[in-house]
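See below for the structure under consideration.
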Amino acid sequence: DRSKELSLELDTGVDINEHSPVVQLNVGGHLFSTALSTLRKHPDSQLAELFSGQPKLRTDAQGRYFIDRDGSHFGAVLQFLRSDQLPADNIQQVYREAVHFNIKPLIKRLEETPQLFGELVGRQQFLSRVPHYKENIEVLIRIARAEAIAARHSTIMICVLRTEEDLGFYDNAVNSLEADKESVVTFGPWKAVPSVQDLLDCVKTDIESKGYKVNIQPHVIEKSFLSRSYNFFYKLVFTWW
């Protein structure tokens with residue numbers, strides 16, 4: 001039957017023969033051999049789409065199908081497709097690859113691991129309830145970089161308002177800073193269990209994840225006889241060298 005002998009042709013003229021289903025891959029310089037059926041295991045994934053119908057991939061000089069992607073964690077993706085086995089480490093990195101290739105069963109299984117469950121269900125759900133959190137992180141970095149010229153450190157003042165009651169004292173609190181009040185970045189209030197220290201840990205974690213070195217210190221305001229002391233303020237210190 002001639003129809004059973006038909007093979008899939010790439011635009012380079014190289015064939016994937018349905019009856020010789022071993023596929024040679026070059027993923028960003030990392031080399032893999034796998035079965036065509038493995039790549040097509042989840043039909044709604046992008047990986048299956050690349051090798052279904054007429055593949056859109058090109059080949060390298062040795063005729064391997066080339067995927068222009070960092071292949072460091074592609075082996076873990078293949079291992080899951082072959083045996084449903086999850087990686088023991090590099091969970092975040094493998095998760096990014098699973099999302100890129102839209103392999104939904106792998107995405108779901110990884111999201112259930114302790115590493116991602118805590119991040120997605122715990123920390124990210126908390127941060128979604130802190131107004132303008134992501135925008136504030138970008139503002140902090142932008143201010144720090146602007147103040148880095150000919151300096152070893154950049155110091156930015158942040159104000160953390162845990163409750164609506166704290167928010168009511170905001171104007172008086174900022175005025176108590178005097179000269180430091182020009183570039184204060186304010187977080188909160190939020191309706192969730194995590195504390196001020198939890199929020200500060202998140203700020204430090206997310207800035208350091210972008211490659212910066214930061215330290216957070218409480219900013220102590222000297223209390224005068226007639227004024228109230230506020231503990232809303234912290235110094236975020238970037239160290240450049």
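Counting heavy atoms from C-beta on, the side chains of Gln217 and Asn215 come closer than 4.5 Å. Looking only at side-chain heavy atoms (C-beta outward), Ile67 and Phe101 come within less than 4.5 Å of each other. Residues Ser45 and Lys104 fail the side-chain proximity criterion, which asks for heavy atoms closer than 4.5 Å. Between Val237 and Ile216 there is no side-chain heavy-atom pair separated by less than 4.5 Å. The shortest distance between side-chain heavy atoms of His73 and Val77 does not fall below 4.5 Å. For the pair Glu97/Gln93, no side-chain contact is recorded, criterion being any heavy-atom separation below 4.5 Å from C-beta on. Counting only heavy atoms from C-beta outward, the side chains of Leu167 and Glu164 approach each other to under 4.5 Å. Using a 4.5 Å heavy-atom cutoff, the side chains of Phe169 and Phe232 are in contact.
Connection of Leu57 to Leu78 is established within a shared hydrophobic cluster, with ILVMFWY side chains joined at heavy-atom distances below 4.5 Å, either directly or through further cluster members. By the criterion of side-chain heavy atoms lying less than 4.5 angstrom apart, applied directly or through intervening Ile, Leu, Val, Met, Phe, Trp or Tyr residues, Leu86 is grouped together with Val99 in one hydrophobic cluster. Under the 4.5 Å side-chain heavy-atom criterion for Ile, Leu, Val, Met, Phe, Trp and Tyr, Ile107 and Leu120 are members of the same hydrophobic cluster. Under the 4.5 Å side-chain heavy-atom criterion for grouping Ile, Leu, Val, Met, Phe, Trp and Tyr, Val196 is not connected to Val184 through any hydrophobic cluster. Following chains of ILVMFWY side-chain contacts shorter than 4.5 Å, one can reach Val139 starting from Leu200, so the two form part of one hydrophobic cluster.
Between the side chains of Tyr133 and Asp206, a donor-acceptor pair is found at a separation under 3.5 Å.
With hydrogens and angles ignored, the 3.5 Å screen pairs a side-chain donor or acceptor of Asp198 with a backbone N or O of Ser195. For the pair Asn90 (side chain) and Val94 (backbone), a donor-acceptor distance under 3.5 Å is absent. No donor-acceptor pair under 3.5 Å is formed between the side chain of Ser83 and the backbone N or O of Phe80.
Once rounded to the nearest 0.5 Å, the distance linking CD of Gln46 with CG of Asn102 reads 7.5 Å. In this structure, the separation between CD on Glu135 and CD1 on Ile137 is 10.0 Å, given to the nearest 0.5 Å. Between the CZ atom of Arg69 and the CZ atom of Phe74 there is a distance of 10.5 Å, given to the nearest 0.5 Å. Rounding to the nearest 0.5 Å gives a distance of 5.5 Å between CZ of Phe66 and CG of Asn26. The CZ atom of Arg109 sits 13.0 Å away from atom CD1 of Ile103, with the distance rounded to the nearest 0.5 Å. Taking CG of Leu47 as the start and OG1 of Thr38 as the end, the distance is 10.0 Å to the nearest 0.5 Å.
More than 12 heavy-atom neighbours from other residues, nucleotides or ligands sit within 6.0 angstrom of CG on Asp44.
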>> Go through it in stages, so that I can follow the logic: the residues are Tyr95 and Glu111, the test is side-chain hydrogen bond (donor to acceptor under 3.5 Å, both in side chains), and I'd like the CA-CA distance, side-chain angles, deciding distance and then a yes or no.
In response: CA-CA 8 Å; Tyr95 180 72; Glu111 287 178 346; 2.5 Å; yes
>> Let's go through Leu236 and Ile207 carefully: what are the C-alpha distance in whole Å and the side-chain angles of both, what is the deciding distance for side chain to side chain contact (heavy atoms under 4.5 Å, CB included) to 0.1 Å, and is it a yes or a no?
In response: CA-CA 10 Å; Leu236 186 68; Ile207 292 177; 3.7 Å; yes
> Going through the checks in order, is the side chain to side chain contact (heavy atoms under 4.5 Å, CB included) test met by Phe126 and Leu199?
Replying inline: CA-CA 9 Å; Phe126 159 54; Leu199 185 280; 4.1 Å; yes
> Checking side chain to side chain contact (heavy atoms under 4.5 Å, CB included) for the pair Thr59/Arg64: CA distance, chi angles, key distance, verdict?
Replying inline: CA-CA 5 Å; Thr59 57; Arg64 294 177 287 243; over 6 Å; no
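For the side-chain hydrogen bond (donor to acceptor under 3.5 Å, both in side chains) test, residues two or more places apart in sequence or in another chain that qualify with Gln197 are Asp201. Under the side-chain hydrogen bond (donor to acceptor under 3.5 Å, both in side chains) criterion, His132 pairs with no residue at all, not counting sequence neighbours. Gln124 meets the side-chain hydrogen bond (donor to acceptor under 3.5 Å, both in side chains) test with Glu119; sequence neighbours excluded. Qualifying side-chain hydrogen bond (donor to acceptor under 3.5 Å, both in side chains) partners for Glu165, counting only residues two or more places apart in sequence or in other chains: none.
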Which atom pairs, one a donor and one an acceptor, fall under 3.5 Å between side chains of residues 140-162 and the rest of the protein, sequence neighbours left out?
from, atom 1, to, atom 2, distance (Å)
Arg145, NH1, Tyr212, OH, 3.1
Arg152, NE, Trp241, O, 2.5
Arg152, NH2, Trp241, O, 3.3
His153, ND1, Thr239, OG1, 3.2
Ser154, OG, Ala144, O, 2.8
Ser154, OG, Trp240, NE1, 2.8
Arg162, NE, Pro194, O, 3.3
Arg162, NH1, Trp190, O, 3.0
Arg162, NH2, Ala192, O, 2.6

Side chains of residues 28-36: which donor-acceptor partners sit under 3.5 Å, not counting sequence neighbours?
from, atom 1, to, atom 2, distance (Å)
Ser33, OG, Gln24, OE1, 2.6
Ser33, OG, Gln24, NE2, 3.4

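Leu81 and His42 make their closest contact through CD2-CD2, 3.5 Å (heavy atoms, listed as atom of the first residue, atom of the second, distance). When every heavy atom of Ala98 is checked against every heavy atom of Leu110, the shortest pair comes out as CB-CD1, 4.3 Å.
A salt bridge between Lys134 and Glu138 is absent, with no side-chain N of the basic residue lying under 4.0 Å from a carboxylate O of the acidic one.
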